[in-house]
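Index from 1, following the sequence.
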Amino acid sequence: MSKLIFDTYEFIKRLTAAGMPLEQAETLSGLQAQLIDERLATKDDLAQLEVRVDEKFSHVHKDISELRKDIDTRFELASKDTDIKLSKLRDTLVAWVIGLFLAQTSLLVGLFKLLPTSSAAV
């Protein structure tokens with residue numbers, strides 16, 4: 001963290017003016033300066049943090065973009081694969097329907113041949 005501007009002299013002066021002994025005011029001033037330096041963030045600290053956060057988010061955004069591209073590619077490949085499988089399934093289904101139609105037609109023709117032909121009625 002960057003150093004905060006804390007006027008220890010002015011702080012000591014005000015404490016002694018209020019009746020605090022000089023040694024006690026100096027100790028309190030030192031502790032107060034240390035506390036401020038260790039615990040408080042300056043505008044510069046926050047600006048540096050913002051830059052680091054922005055960098056992290058830009059990396060995350062880049063990773064998400066790459067992941068999205070990968071997902072899109074995988075989805076496109078899966079979609080093409082599904083289209084191919086459906087096309088093959090359709091072709092198989094058409095072949096079965098045609099085969100069954102021919103078998104049924106053959107069966108009907110065979111049955112009609114087995115039926116006696118009717119003679120002219122008397």
Exercise for review: Can you measure from CG (L15) to OG1 (T8) and round to the nearest 0.5 angstrom?
Suggested key: 11.0 Å

Review point. For E23, does the CD atom sit with more than 12 other heavy atoms under 6.0 Å from it, leaving out its own atoms?
Key: no

Check your understanding: Rounded to the nearest 0.5 Å, how far apart are CD1 of I64 and CD1 of I71?
Key -> 10.0 Å

Check your understanding: Do any N or O atoms from the side chain of D45 and from the backbone of T42 form a donor-acceptor pair under 3.5 angstrom?
Key -> yes

Study note, to complete from the structure: dist F112:CZ -> L108:CG (nearest 0.5 Å) comes out at 6.0 Å

Exercise for review: Side-chain contact test, heavy atoms from C-beta onward, threshold under 4.5 Å: evaluate it for M20 versus L28 and give yes or no.
Suggested key: yes

Check your understanding: Distance-only, no hydrogens or angles: does the S29 side chain make a donor-acceptor pair with backbone N or O of E26 under 3.5 Å?
Key -> no

Practice item. Say whether L40 and F6 are linked into one hydrophobic cluster, either directly or through other cluster members, by side-chain heavy-atom distances under 4.5 angstrom. Key: yes

Check your understanding: Is the shortest heavy-atom distance from the side chain of L31 to the side chain of T27 under 4.5 Å?
Key -> yes

Practice item. Establish whether I36 and Y9 are linked, either directly or via other cluster members, by ILVMFWY side-chain heavy-atom contacts under 4.5 Å. Key: no

**Study point:** Atom pair CD/OG1 of Q24 and T16 - distance to nearest 0.5 Å
**Key:** 11.5 Å

Revision key, fill the gap. Going by chain and number, the hydrophobic cluster around I84 (ILVMFWY, side chain to side chain under 4.5 Å) further includes none

Practice item. Answer with yes or no whether the side chains of T73 and D70 bring together a donor and an acceptor at under 3.5 Å. Key: no

**Study point:** Check against salt bridge (Lys or Arg N to Asp or Glu O under 4.0 Å), K85 and D81
**Key:** CA-CA 6 Å; K85 287 179 180 177; D81 187 45; 3.4 Å; yes

Practice item. For atom CD of E50, decide whether the heavy atoms of other residues, nucleotides or ligands shown that lie under 6.0 angstrom number more than 12. Key: no

Study note, to complete from the structure: One should read off an interatomic distance between L100 CG and T105 OG1, to the nearest 0.5 angstrom, of 10.5 Å

Exercise for review: Would you give the length of the straight line joining atom CG of D91 to atom CH2 of W96, rounded to the nearest 0.5 angstrom?
Suggested key: 15.0 Å

